Number of protein chains: 2
Amino acid sequence: MKKISLKTIANELGVSSATVSLVLNGKDKNGRVSKDLSEKILAKAADLNYVPNTLAKSLKVGKSKTIGLIIADISNLFFGALALHIQTFAQQKGYTVLIGNTNEKLSEMEHMVNFLLARQVDGFIITPTEKSDNLLKRLNNSNIPLVLVDRTFPELNINSVLINNYEISYKSTELLINKGCKNIGIVTYKQDHFHVNERRRGAVDALKNAGIFNPDNVEEVRYEYLREDISAAIYKMINRNPKVDGIFFTTNSISINGVKALIKNDIFVQKDIQIMCFDENDAFYILPYAVPFIKQPIKEMARTAIDLLIAQIEGDNKTETVILEAELVEKEKVVNQ
Amino acid sequence: MKKISLKTIANELGVSSATVSLVLNGKDKNGRVSKDLSEKILAKAADLNYVPNTLAKSLKVGKSKTIGLIIADISNLFFGALALHIQTFAQQKGYTVLIGNTNEKLSEMEHMVNFLLARQVDGFIITPTEKSDNLLKRLNNSNIPLVLVDRTFPELNINSVLINNYEISYKSTELLINKGCKNIGIVTYKQDHFHVNERRRGAVDALKNAGIFNPDNVEEVRYEYLREDISAAIYKMINRNPKVDGIFFTTNSISINGVKALIKNDIFVQKDIQIMCFDENDAFYILPYAVPFIKQPIKEMARTAIDLLIAQIEGDNKTETVILEAELVEKEKVVNQ
DNA sequence: CTGAAAGCGCTTACAG
DNA sequence: CTGAAAGCGCTTACAG
């Protein structure tokens, strides 16, 4: 079948393509086009099954109504949910989302940025990788609308959507303390992300203030060797003297793998060891006991990021950092809710 | 910052934009452009930080190097993984993927098809919703490259990538029978999808051949009320006389919710009741006993779909249905692997 | 009330 | 070895 363009319709009706464009876009203000012609155009378009060419339109108007979403690890459920919500909200506002995955690698982030720029995205939402501050600075200087989410570089002054990492981690650790844990471990990443370090700082401060902080109980695991390192960390913790009776996990990937490692070692979670996880996981709902976790307001984060970005695209140019509050969820027996 | 186009480079160098285009695209065959000039162009492009406008190129050449992926339910882990792999393979072949979600609704599928057509996708990969056969027929007749995956309409003669639903379901049900189950239930969707019905048919045939099929043990649940219906179905099964001692779940969403419902009712899975699930789930790996499941070759499905689609885009026009083999996974104690 | 024309940024025959 | 020109399908001032 041959492509139907505005011109096809215009020719068949003996009018100009300008008129057809106006009518089809509803830009026929102040009765520019007669009602009669207008209806004929609409009918013909429907009849020919006309589909507008968005590419041509974008090229002409210089806006693609597309936003680039760069995610650090799309296989992570947290990011998956974030991407899904961002996509939904974007669509509601008339924007299409192009998703790129970086696998936490700076080189891939650079590649995705260029790729998406070539596709003429109107703006970016990014969960930046480590050491991407220079790339972000460049991007920001080029004045393309940009919002960071989940993570940020505080010194960079770029729009960001974060949670209250320090406060919620402090509070969650206090909960473990209040449950009677005297020897609380922290498992975190060996890395340089601001948000993760804030979580660690929150937990450490809570322990210090309770007078039970022990630096030996902080284990750092590597992103690339998560499973192996977690196993080792858990093994160390449960075999130390004195044994650890509580663990704070600083991210969701660490949490789920940490719980698996505990179960594998026949530790009765929430009895032998109290734990505190980051982010909800379907797996928790299948366990016969409650797994308390820090619930991030993913949907709100997505909505805020989109709102911020679209405001920028539409000409707003103040920079903002929005801090949303995470919630501490502690259910009786999770599977029952 | 002003946009840098081919013309900017051409003007600064005093050459034509045609020459710049040729050089930048590496189409400078047979020494058309002098090495000297060629190098100058490359240098200038790098210097100005030139980013090509893919939109303009696509408009000109009539190919967008974009494919539309329409997923029935992106929050489902199976589809999430499928989408991820499709995206990866597409990228390797130089294609961008635009993802649309239909939430199993025909109206949303229609909307996404039009939306993606307007974006000039070169082809579609679709997990079709129920009753979308007419829409697919129209699409297929318009000669746009099209591949269905996971699901199909056998009467439609459209490229499809499926698994051996009947055979693997038959075989998996046999496993339950061999474990000694005498009273096996089937929980499936109340719907009209070919692939799900094939799974059901496979299970039923296995039971019939063993002489233990009982139509009362087949429960149908609704997609929109999955939790409620599953709870009811499980309740019925475990309170019947004689009680069910094995259950075959026909999809992954049914499986995970079914397992949750069993645990909630304090059924000791794999002891009181043997189960068989569709698709892997992270949650299974946290349970202290093995949950056998049918593992679909998701990555292979993605690869095959992309290969089939790109072959079509590049001019191939034979129609093919590829059946990939699913695998029965039955581990000792899953959490240990 | 409607049309002719320019131009978005490319590529690709064609001419020299 | 290189340039001028046309055209992809739109939109938008401008002219009438």
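These numbers were taken from a predicted model, which means no experiment stands behind them. Naming convention: chains lettered A, B, ... in sequence-line order (proteins, then strands); numbering from 1 in each chain.
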Between the main-chain N or O of Leu136(B) and the side-chain N or O of Asn140(B), is there a donor-acceptor pair closer than 3.5 Å?
no
Roughly how many Å is it from CD1 in Ile9(A) to P in dT11(D), rounded to a whole number?
11 Å
Evaluate the criterion side-chain contact (heavy atoms from CB on, under 4.5 Å) for residue pair Gln191(B) and Tyr223(B); output intermediate values, then yes/no.
CA-CA 8 Å; Gln191(B) 46 65 59; Tyr223(B) 175 76; over 6 Å; no
Please report the distance, rounded to the nearest Å, between CG in Leu22(A) and P in dC14(D).
15 Å
Could you say whether Asn25(A) or Lys7(A) is positioned toward the 5' end of DNA chain D, judged by the nucleotide with the nearest heavy atom to each?
Lys7(A)
Between dC1(C) atom C1' and Glu39(A) atom CD, what is the distance in whole Å?
16 Å
Please pick, from dT12(D), dT12(C), dG3(D), the nucleotide with the shortest atom-to-atom distance to any side-chain atom of Thr19(B).
dG3(D)
For Ile41(A) and dC1(C), what is the distance between atoms CD1 and P respectively, to the nearest whole Å?
14 Å
Should Ser34(A) be listed as having a side-chain N or O under 4.0 Å from OP1 or OP2 of dT2(C)?
yes
Residues forming a salt bridge (Lys or Arg N to Asp or Glu O under 4.0 Å) with Lys63(A), sequence neighbours excluded
none
Any side-chain N or O of Ser16(A) under 4.0 Å from OP1/OP2 of dG3(C)?
yes
Symbol by symbol from the 5' end, with Watson-Crick or G-U pairs under 3.5 Å, [ ] crossing and | another strand, DNA chain C is |||.||||||||.|||
Any side-chain N or O of Ser21(A) under 4.0 Å from OP1/OP2 of dT11(D)?
yes
Write down the distance between CD1 (Ile4(B)) and C1' (dC8(C)), rounded to a whole number of angstrom.
16 Å
Whichever of Ser17(B) and Gly14(A) has its nearest DNA chain C nucleotide further upstream toward 5':
Gly14(A)
For Lys40(B), side-chain hydrogen bond (donor to acceptor under 3.5 Å, both in side chains) partners two or more places apart
none
In short, side chain to side chain donor-acceptor pair (under 3.5 Å) pairs touching residues 118-135 of chain A with sequence neighbours left out are Ser64(A)-Asp122(A), Arg119(A)-Thr66(B), Arg119(A)-Thr96(B)
Sequence neighbours left out, what pairs pass salt bridge (charged side-chain N to carboxylate O under 4.0 Å, His left out) with at least one residue falling in residues 76-94 of chain B?
Lys93(B)-Asp307(B)
Rounded to whole Å, CG of Leu37(B) lies from C1' of dG3(D) at a distance of 12 Å
Rounded to the Å, how far apart are Leu24(B) CG and dG9(C) P?
15 Å
Side chain to side chain contact (heavy atoms under 4.5 Å, CB included) with Val23(B): of Val15(B), Leu42(B), Leu37(B), only one passes, and it is Leu42(B)
State which residue, out of Leu77(B), Asn76(B), Ile71(B), fulfils the side chain to side chain contact (heavy atoms under 4.5 Å, CB included) condition with Ile74(B).
Ile71(B)
Where the side chain of Thr54(B) meets the backbone of Ala118(A), is there a donor-acceptor pair that is under 3.5 Å apart?
yes
Under 4.0 Å from any atom of DNA chain D, heavy atoms only: list the residues of residues 47-63 of chain B that qualify, in numerical order.
Leu59(B), Lys60(B)
Tell me the interatomic distance from Leu6(A), atom CG, to dG7(D), atom P, rounded to whole angstroms.
18 Å
